[in-house]
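None of these values were measured; they are calculated from a predicted model.
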Amino acid sequence: MAPISSVVAGDQAEFDTAMMQLALEQARAAWQVGEVPVGAVVVDAQGQVLGTGYNRTIIDADPTAHAEIVALRAAARRLANYRLPGLTLYVTLEPCVMCMGAMLHARLARVCYGAADPKTGACGSVLDVGAVAQLNHHTSFHGGVLAEPCGDVLRQFFRARRLKEITQ
């Protein structure tokens with residue numbers, strides 16, 4: 001894969017793919033610590049990573065410690081601002097309602113996600129929070145970026161978890 005700096009000069013699809021690869025690395029890190037493998041990164045338009053995160057709900061005993069929230073908190077701390085205008089968040093799984101609310105409050109310019117979530121997805125799979133006209137901020141949402149590899153990580157994780165439960 002091309003270095004990020006050369007991808008930035010390329011088209012948006014290449015850039016999105018490169019950034020989603022970084023989110024997938026975060027998802028794999030989640031798996032390594034026993035968390036559901038969802039990863040997220042917050043980047044600026046030049047590809048500078050300002051925040052990363054993976055699911056930490058179990059290890060932090062925190063129901064809000066989804067990958068997106070962890071990455072948003074890291075970016076906000078780094079920029080010393082709770083608003084993150086002009087930034088993009090990449091996440092391997094379609095965000096839930098809680099994460100969508102946080103992303104809208106952060107004033108992100110864009111959210112790109114990998115796999116759709118037919119159980120809790122709030123970008124159109126179950127709900128479409130971004131389409132609510134009454135909200136005072138609107139973020140651009142783009143799904144399906146590396147959807148297959150993002151979904152594969154989750155399927156493999158849950159398959160391994162079920163096998164482990166059967167053998168215990």
Quiz item: Quick one: do R155 and E148 make a salt bridge, cutoff under 4.0 Å?
Solution: yes

Quiz item: Does one hydrophobic cluster hold both L72 and V43, with members joined at side-chain heavy-atom distances below 4.5 Å?
Solution: yes

Quiz item: Which distance, rounded to the nearest 0.5 Å, do you find between the OG1 of T52 and the CZ of R78?
Solution: 10.0 Å

Exercise. Please tell me if the side chains of Y54 and V33 come closer than 4.5 Å, counting only heavy atoms from C-beta onward.
Key: yes

Quiz prompt | ILVMFWY cluster, V42 and L22 together (side-chain gap under 4.5 Å) | solution = yes

Practice problem: Could you tell me whether the side chain of N55 and the main chain of A67 form a donor-acceptor pair under 3.5 Å? | Solution: yes

Quiz item: Given V91, which of E68, H66, M20, M103 fulfils the side chain to side chain contact (heavy atoms under 4.5 Å, CB included) condition?
Solution: E68

Quiz prompt | Nearest-0.5 Å distance that lies between atom CD in Q156 and atom CZ in R161 | solution = 15.0 Å

Exercise. List the atom of A45, the atom of F15, and the distance in Å for their closest heavy-atom pair.
Key: O-CZ, 4.0 Å

Quiz prompt | Partners passing ring-ring contact (aromatic ring centres under 6.0 Å, His included) against F157 (at least two apart in sequence or in another chain) | solution = W31

Quiz item: Counting distance only, does the side-chain N/O of E35 pair as donor-acceptor with the main-chain N or O of I59 below 3.5 Å?
Solution: yes

Quiz item: Would V49 end up clustered with I69 when hydrophobic side chains under 4.5 Å apart are linked, directly or stepwise?
Solution: no

Quiz item: Backbone N or O of L108 within a donor-acceptor pair of the T139 side chain at under 3.5 Å?
Solution: yes

Practice problem: Count the heavy atoms belonging to other residues, nucleotides or ligands that lie under 6.0 Å from NE2 of H105, then report whether that count exceeds 12. | Solution: no

Quiz prompt | Side chains of V153 and P37 in contact at under 4.5 Å (non-hydrogen atoms) | solution = yes

Quiz item: How long is the gap from CG on L154 to OG1 on T92, to the nearest 0.5 Å?
Solution: 6.0 Å

Quiz item: How about C123 and Y113: do any of their side-chain heavy atoms sit closer than 4.5 Å?
Solution: yes

Quiz prompt | Within-4.5 Å side-chain heavy-atom neighbours: L104 and V129 | solution = yes

Practice problem: Answer with yes or no whether the hydrophobic clustering places M100 together with M98; edges join I, L, V, M, F, W, Y residues whose side-chain heavy atoms lie under 4.5 Å apart. | Solution: no

Quiz item: Any side-chain heavy atom of T17 within less than 4.5 Å of one from L146?
Solution: yes

Quiz item: Does the pair H142 and V111 meet the rule for a side-chain contact (heavy atoms from CB on, under 4.5 Å), with working shown?
Solution: CA-CA 6 Å; H142 179 66; V111 173; over 6 Å; no

Self-check item: Residue pair T88 / C112: nearest heavy atoms and the distance that separates them
Solution: CG2-SG, 4.3 Å

Quiz item: Under the 3.5 angstrom rule, does the side chain of E94 hit a backbone N or O of D117 as a donor-acceptor pair?
Solution: yes

Quiz item: Of all heavy-atom pairs between A122 and V97, which one has the smallest distance, and what is that distance?
Solution: CB-N, 3.6 Å

Quiz item: Between R83 and N81, what is the shortest heavy-atom contact and its length?
Solution: N-OD1, 2.9 Å

Exercise. Evaluate the criterion side-chain contact (heavy atoms from CB on, under 4.5 Å) for residue pair L87 and L79; output intermediate values, then yes/no.
Key: CA-CA 11 Å; L87 303 184; L79 297 175; 3.8 Å; yes

Quiz item: Shortest non-hydrogen contact from G53 to V70?
Solution: CA-CG1, 3.6 Å

Quiz item: Which atom names give the shortest non-hydrogen contact between P63 and T57, and what distance separates them?
Solution: O-CG2, 4.1 Å

Quiz item: Is there a donor-acceptor pair under 3.5 Å between the side chain of T120 and the backbone N or O of C96?
Solution: no

Self-check item: side-chain contact (heavy atoms from CB on, under 4.5 Å) assessment of R73 paired with T64
Solution: CA-CA 11 Å; R73 286 175 179 158; T64 70; 3.2 Å; yes

Quiz item: Counting distance only, does the side-chain N/O of D60 pair as donor-acceptor with the main-chain N or O of D62 below 3.5 Å?
Solution: no

Quiz item: Does the pair D152/R159 count as a salt bridge with the N-to-O cut at 4.0 Å?
Solution: no

Self-check item: Y90 and R110: CA distance, side-chain angles, deciding distance, side-chain contact (heavy atoms from CB on, under 4.5 Å) verdict
Solution: CA-CA 9 Å; Y90 293 86; R110 222 168 148 245; 3.5 Å; yes

Exercise. Please answer: with hydrophobic residues joined when any side-chain heavy atoms are less than 4.5 Å apart, are L93 and I58 in the same cluster?
Key: no

Quiz item: Hey, does L24 have a side-chain heavy atom less than 4.5 Å from the side chain of P149?
Solution: yes

